[in-house]
Amino acid sequence: MQNYEKDVSVQTEGEKSVVYATDYLNKLTGEKIERACKRQLDAGCKTLVVNFAETEIVNSIGISILLGVIDAASDKGAAVVFSDVNEDTIQLFEMLGLTNHVTVN
Amino acid sequence: MAENQQKLVHTFGALAELGNEVSQKNNFQEMIRTSLHLLLGSLGIMRGGVARYSRFGHELNLLALRGLGEEFPLSLSLCYEDERQFLINGTVPIEVSQAKVLPFFQNYDHSLTAKKVELLVPLVIRDELVGVVLLGEKANGESYSSYDKDIISAMTRHVGVGIAQRNLMAELERRAEENRRLYDDLRMTYKDTVKAFARAIDCKDKYTEGHSVRVGKYSEIIAAELGYDENQMEGVAVAGYLHDVGKLTVERNIINSPVRINAKESAELNKHPAIGYEILLPINHPYTDVPLAAKYHHERLDGRGYPDELYDRDIPYIAKIVCLADSFDAMTTDRPYKRRRPAHEVIEDLQYNAGKQFAPELVTAFCGAMLKEITLETKQKRFRRLLGREYLEAEGIAPLLKNALNDMNGTSSLTLVNFD
């Protein structure tokens, strides 16, 4: 099932949800994604996939928001997967330790 | 090397954004929330919070927090020793594990440990503690390096400046509000003093008791009708209250003479506008032209008034307003040597003298205000209270006023309406 929760596209399939990040993950777009992720976790999602196929840049605020998502998922016992991440962003995630907490596809 | 470069670009990007965020006049809470995001995101820190210090309550109040959970206390008390140590420390991050000797860390050990808070950064601006930043563990599991601490120091200084600015603004707003209250008190005192003076002036003349107060009120009615703002209306009313202050120096037997006074006495009495001006001039009135209203309220548009026989354009506008109010009250109250004139006569007099003694647009405004009250277009009862209902609502007054207004429509003197 696919739905669009206030500009954020979310796809759910059983206990797996895919949240699609936008092209630039900053405060405005990041907080929408965070809310969408938390709604999925509250709904019982056990595998949360954040898809970065459209994302070119993640700034510091985006990182903080993703850390919040990781923390929330950890509290709910859910796994987080970052998918379709570009090379620069993977390096950023690795440098800042986000990859210690998520699986990157 | 490449990673170091990327780290530099990322952290300096965050620092630049933080500086921009603090310098913009955005919503304070939003600024703090964004700053916390930038701090956490720049170094990959899992959780943290920004608290503002209240010197009066000796407590830190959390303004923004991420990942600290609902059970984390939103208000944290500080003792003098904590505050002293934080001030000495400055903006250098304190490692929580190394500072457990301080009462603060003992009191909140449980909460800080449970949420893995590793650093506390005092926000010290100009030797004043304005807040603290709490930072949890890094996402990469490493401990904070000296490089990390330098970055954190630089970034938290921005946050401290933001809080200090906000404190300063709040203090300025508080003082502005205090000033406003003081100004209101002073203004009230001024108005009370003016009214006391008006009563003192009126006490001297037993036949015209309440004259100054009524002239003040009629003047205010005219100002309201002209669309003046509240401050201007008050100024005009004050000018009316004080227009006869010069009479305080005139012999009581002249003022209270039951018969027409002689030429010598009249000359003496006619000095009161100039004397009133001299009395009022040194006072720092909150409104302009109050002394001028006293000096020129007996001038006429046709130049036949006194003391300076000024013509229309040379007469201050406020004096024209007071002149009309003064004359109207003189005609509508009993005097020692004659009874008050009936309303229809007074209106005819105003109409006849529009352009000669009175500024026509002021007569129009005044008659218009009176008509509105008679026809109940307004619920105000200003004229009724001053003149009495029977007098105001005498038969034929409303049509007379309508006719007068129709006749005067389009008539204007050369007066330039410029209150200031």
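Just so it is clear, the structure is predicted and the values come from calculations on it, not from any experiment. We name chains A, B, ... by the order of the sequence lines, and we start the count at 1 in each one.
- Residues Ile61(A) and Glu17(B) have side chains in contact (heavy-atom distance under 4.5 Å, counting atoms from C-beta outward).
- Note that CE of Met95(A) is 8.5 Å distant from CG of Leu43(B), once rounded to the nearest 0.5 Å.
- Taken from CE in Met155(B) to OG in Ser60(A), the straight-line distance is 6.0 Å, to the nearest 0.5 Å.
- Looking at Asp71(A) and Arg66(B), their side chains never come closer than 4.5 Å, going by heavy atoms from C-beta outward.
- Atoms CG and OG1, from Leu96(A) and Thr11(B) in turn, are 9.5 Å apart once rounded to the nearest 0.5 Å.
- No part of Glu137(B) comes within reach of chain A, as not one of its non-hydrogen atoms sits under 4.5 angstrom from that chain.
- Heavy atoms of other residues, nucleotides or ligands lying less than 6.0 angstrom from CD of Glu56(A) number 12 at most.
- If you measure heavy-atom distances from Glu142(B) to chain A, you find no contacts under 4.5 Å at all.
- Using a 4.5 Å cut-off between heavy atoms, Ile65(A) contacts chain B through both its backbone and its side chain.
- Proximity of Gln91(A) to His10(B): side-chain heavy atoms (C-beta onward) are nowhere separated by under 4.5 Å.
- Ile45(B) touches chain A through its backbone: at least one of N, CA, C or O sits under 4.5 Å from a heavy atom, while the side chain does not.
- Interface residue Leu38(B): backbone and side-chain heavy atoms are both found under 4.5 Å from chain A.
- Crowding of Arg126(B) atom CZ: a count of heavy atoms from other residues, nucleotides or ligands under 6.0 Å not exceeding 12.
- Closest approach of Ala139(B) to His101(A), counting heavy atoms only: O-NE2, 2.8 Å.
- Distance check: Asn140(B) CG to Leu98(A) CG gives 9.5 Å after rounding to the nearest 0.5 Å.
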